[in-house]
Q: 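Handing you this structure, nothing more for now.
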Amino acid sequence: MRTFDARAWVVWLLAGGVLVLSARNPLYLLLLLVISRIVQAACAAPDVGALRLPFWRLAAAILIFSTLFNLLTAHVGETMLATLPAGWWLIGGPLTLEAAVYGFITGLSLVTLLSLFLAFNAIVPTAELAGLTPAALYELGLVLLVAITYVPETARQFRRIREAQAIRGHRLRGLRDWRPIAIPLLVGGLERALNLAETMVARGYGATAHVGTPRPVRLLLLLGLGLALGGALRLTWGAADGWGFVAAGVLAVALAYRALSRRVARTRYRPRRWTWADTVVVIAALLPLALLLPLPGGAGLGYAPYPRLSAPPFSALAGALLLGLAAPAALEAAS
Amino acid sequence: MIAIRRLTYTYPQRSSPALRDVTWDVADGEFVLVAGASGSGKSTLLRCLNGLVPHFSGGVLAGRVTVGGIDVVAAGPRVLSRHVGFVAQDPEAQAVLDRVEGEIAFALENAAVPPAEMRLRVEEALDLVDLTPLRDRPLHTLSGGERQRLAIAAALALRPRVLALDEPTSQLDPQSAEDVLRALVRLNEDLGLTIILAEHRLERIARYADRLTYLAAGRVAHDGPVREVLPRLPAAPPLVQLAGALGWRPTPLTIKEAKPFAAAVTPTAAPPAAESPAGLPLLQVEGLRFSYNGHLTLKDVNLSVAPGEAVALVGRNGAGKSTLLRCIVGLLRGQAGEVHINGRPARGRDVADICREVGYLPQNPDDLLFADTVADEIRATLRNHGLPERAAEIAASLERLNLGDVAAVYPRDLSVGQRQRVALGAVTATRPRLLLFDEPTRGLDRAAKEELLALWRGWLAEGAALLLVTHDVEMAAAIAHRTVVLSQGEVIAAGPTRDVLTATPHFAPQIARLFPGRGWLTVADVLAALN
């Protein structure tokens, strides 16, 4: 089984997400939805411990709600289905087919976005995601990793304590009844945390801590934060050059962390090597983004049912480009 | 390798020292067992070897500890992590990451070992403890024994010269414990690793160790070759006790070594089988069936316990023993079958109602304790059941549990054995006559076990009925009238303890294995038959 670099998956998710948010054409959205499902089916390992949601039921609920909501509240469009008395607050007025279709498209866009995130979550192990944190912020990633083992254990402990209290006749009725459960959980949790800390120290954790931050790096960090703040202020005043400041600020912070990470003497077990397949995934995901987005509004992936419903356009070229997001599944099948 | 000179250590906010004037040496490649009652300073001594004491725990330390020439107190745990591997008691609480390989690599990443060498060392560590087939598994799918071996592998990854283990098998069933101990023996014999092991289960490991150090109240009470020290200990294994009583020299440490001595013991008639008390059963389980996620965990289980009777329920991990107990008290509902308590069907009654008549002590007594004082724990249960809280009765029941002088103490400050008795007091506050225990001897030292046994004997004499789920066959042999063996949810053997335990080699106590076919289970049985 081929696995791709977590960084490639992040690019895949971002590209897919931006495409979904900018596409209003239901045909393209449907295509993206199908692609994300196929990619998850092809690439997800069975035991990653992904969020298990009843996806199709959830999708149906979102679609129905979104369609009904827009049908009842947006009274624009030319194909009238029925009319509610004008006096009814918010929902009074003509109900149009266009409004229903618009609501459906909004729902479809939400469902597709959800599907992309679920696929990402099912495919990329959390440990690899945490591995993306720069070495200087290693502690932050480690806390996340420890939580992955710590939280389910706490849930098990909670069940055990509830049972233990139940057998001495304890019933949960009011707020005060939580004391017999909360205290053992808290004390037990603290004991476990202390044991864990002891284990980590015994295995040499923190041997590389206390790395000093040299003055130039500190100044660079300060400069970056200042630039980003200034840029944000410029943007709120409506000045377009704010983007430039923000970008420069982010670059400065990134450089500072890069410099800090170099000073940390740690190594990683089995560091993933970037392969040609990762490159293919990234390019295939960025290509539709680069080629479809700049097209002037409506001509690319857009579509509006108003004022009168018409069949959404479908360009074979755009469809083919979107298929690039299915590259991980294709590579997976080919290997 | 290790040299400790006049070490005295006191934990912060404690008045009396945990270690007093300890002078102790370990040679390179030695396998040393550290024994002693709970609270005798075993854990503290082990933590002195890698600097966790005093760097992690705080407190006041006097004296000098050197490992491989390094002054431990000056160097601290981070430096020592490369020289001393450390494995703690609870396998659940020492996993840092959620994958087997990542867990082993954790220490190597901290030490900035180059990736190429890291691969090699992880491979080596997996091999040493036989975990290679499980390398890609998420941790929560591992059994307790596998997790403990993983903790050893993680400690070995830095190639330490000393491995210190703090009761690594106390939370495990006998089979998993055996696997862990066997891994240690191999490390000691094949790699010449110096091993310091704090242990309660001396009978299994005694023959492999070179030396035994016995601590009492923070002092080295006995120290020397296992064969010489073991007979002098109060907590000696049954075989050694028997050898002492019958004057066998040199003291045998294995069944094989004891066989020639045993052959000289003239056969006598088997002791009369202990009469199982008859009477209307307090607990009757008929055709109980329970399945979970489509997997049948209990298949048509029949079981009864009469007043004044103790029944032991034995079986491997996952045989359905705990499930059976939870079905009896109503925490789980069986799909078929009946449970009668005191002759009344339990079906349709809620847990609190059933537990007025049943005392059930779960595996981890700490889950029960939340109150500010020991006496409050008892009161909380009475209040739950809406019963009157009479001070005299509470005092009497605490006296009985030998907790009279700690009635006003915060329960979590007590020793393991005392905490267990507080929990026992909490679940028996309603004075039930039927008592269920899940692994009551786990993590207990010899003295705490003896105290529990005495308590049980008193209750049995008053007509209580006991059902003990246990891995501890020596305990079952000492108290149970009948024994039931559960395997994959089915009762595969049931009958008088004497017959059942001697018939299955897997569950036979040491004495039964030494004298097969004679019907002796305990040292007392043998001595009674010979006099």
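The sequence lines fix the lettering, A, B, ..., with proteins before strands; numbering per chain opens at 1.
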Q: Which atoms of B/Leu97 come close to chain A, meaning under 4.5 Å heavy atom to heavy atom: side chain ones, backbone ones, both, or neither?
A: both
Q: Roughly how far, to the nearest 0.5 Å, is the CD atom of A/Glu198 from the CZ atom of B/Arg47?
A: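 It comes to 4.0 Å.
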Q: Checking heavy atoms, do the side chain of B/Tyr360, its backbone, both or neither come under 4.5 Å from chain A?
A: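 Interface part for B/Tyr360: both.
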Q: Does any heavy atom of chain A fall under 4.5 Å from the side chain of B/Glu377, the backbone, both, or neither of them?
A: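 Backbone plus side chain of B/Glu377, per the 4.5 Å heavy-atom cut-off to chain A.
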Q: Looking at every non-hydrogen atom in both residues, tell me the closest pair between B/Asn384 and A/Arg171 and how far apart they are.
A: O-NH1, 4.2 Å
Q: Taking A/Arg156, A/Glu191, A/Gln157, A/Arg179 one by one, which has the highest count of heavy-atom pairs under 4.5 Å against chain B?
A: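 Looking at each of A/Arg156, A/Glu191, A/Gln157, A/Arg179 in turn, A/Arg179 comes out on top.
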Q: Measure from the side-chain N and O atoms of B/Glu109 to the backbone N and O of A/Tyr269, and report whether any donor-acceptor pair falls under 3.5 Å.
A: yes
Q: Which answer fits B/Arg326, side chain, backbone, both or neither, if we ask what part of it has an atom under 4.5 Å from a heavy atom of chain A?
A: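 Only the side chain of B/Arg326 comes within 4.5 Å of chain A.
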Q: For B/Val329, is it the side chain, the backbone, both, or neither that has a heavy atom closer than 4.5 Å to a heavy atom of chain A?
A: side chain
Q: I need the residue from A/Ala197, A/Ala193, A/Ala166, A/Gly169 with the largest number of non-hydrogen atom pairs under 4.5 Å to chain B.
A: A/Gly169
Q: Could you pull out the closest heavy-atom pair between B/Arg412 and A/Pro184, with the gap in Å?
A: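 Minimum heavy-atom separation between B/Arg412 and A/Pro184: NH2-CA, 3.5 Å.
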Q: When rounded to the nearest 0.5 angstrom, what is the spacing between CG in B/Asp367 and CZ in A/Arg159?
A: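 One finds 12.5 Å between CG of B/Asp367 and CZ of A/Arg159.
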Q: Main chain of B/Leu368, side chain of A/Arg168: is a donor-acceptor contact present, judged purely on distance under 3.5 Å?
A: yes
Q: Which answer fits A/Arg162, side chain, backbone, both or neither, if we ask what part of it has an atom under 4.5 Å from a heavy atom of chain B?
A: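 The answer is neither part of A/Arg162.
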Q: Examine whether an atom of B/Val122 lies under 4.5 Å from a heavy atom of chain A, and if so say whether it belongs to the side chain, the backbone or both; otherwise answer neither.
A: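 Side chain only.
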Q: Quick one: which of A/Val146, A/Ile181, A/Val187 has the most heavy-atom pairs under 4.5 Å with chain B, could you say?
A: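 Option with the greatest count: A/Val187.
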Q: So which part of B/Arg82 gets closer than 4.5 Å to some heavy atom of chain A, the side chain, the backbone, both or neither?
A: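 Looking at B/Arg82, nothing touches chain A.
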Q: Can you tell me which portion of B/Pro365 sits under 4.5 Å from chain A's heavy atoms? Options are side chain, backbone, both or neither.
A: neither
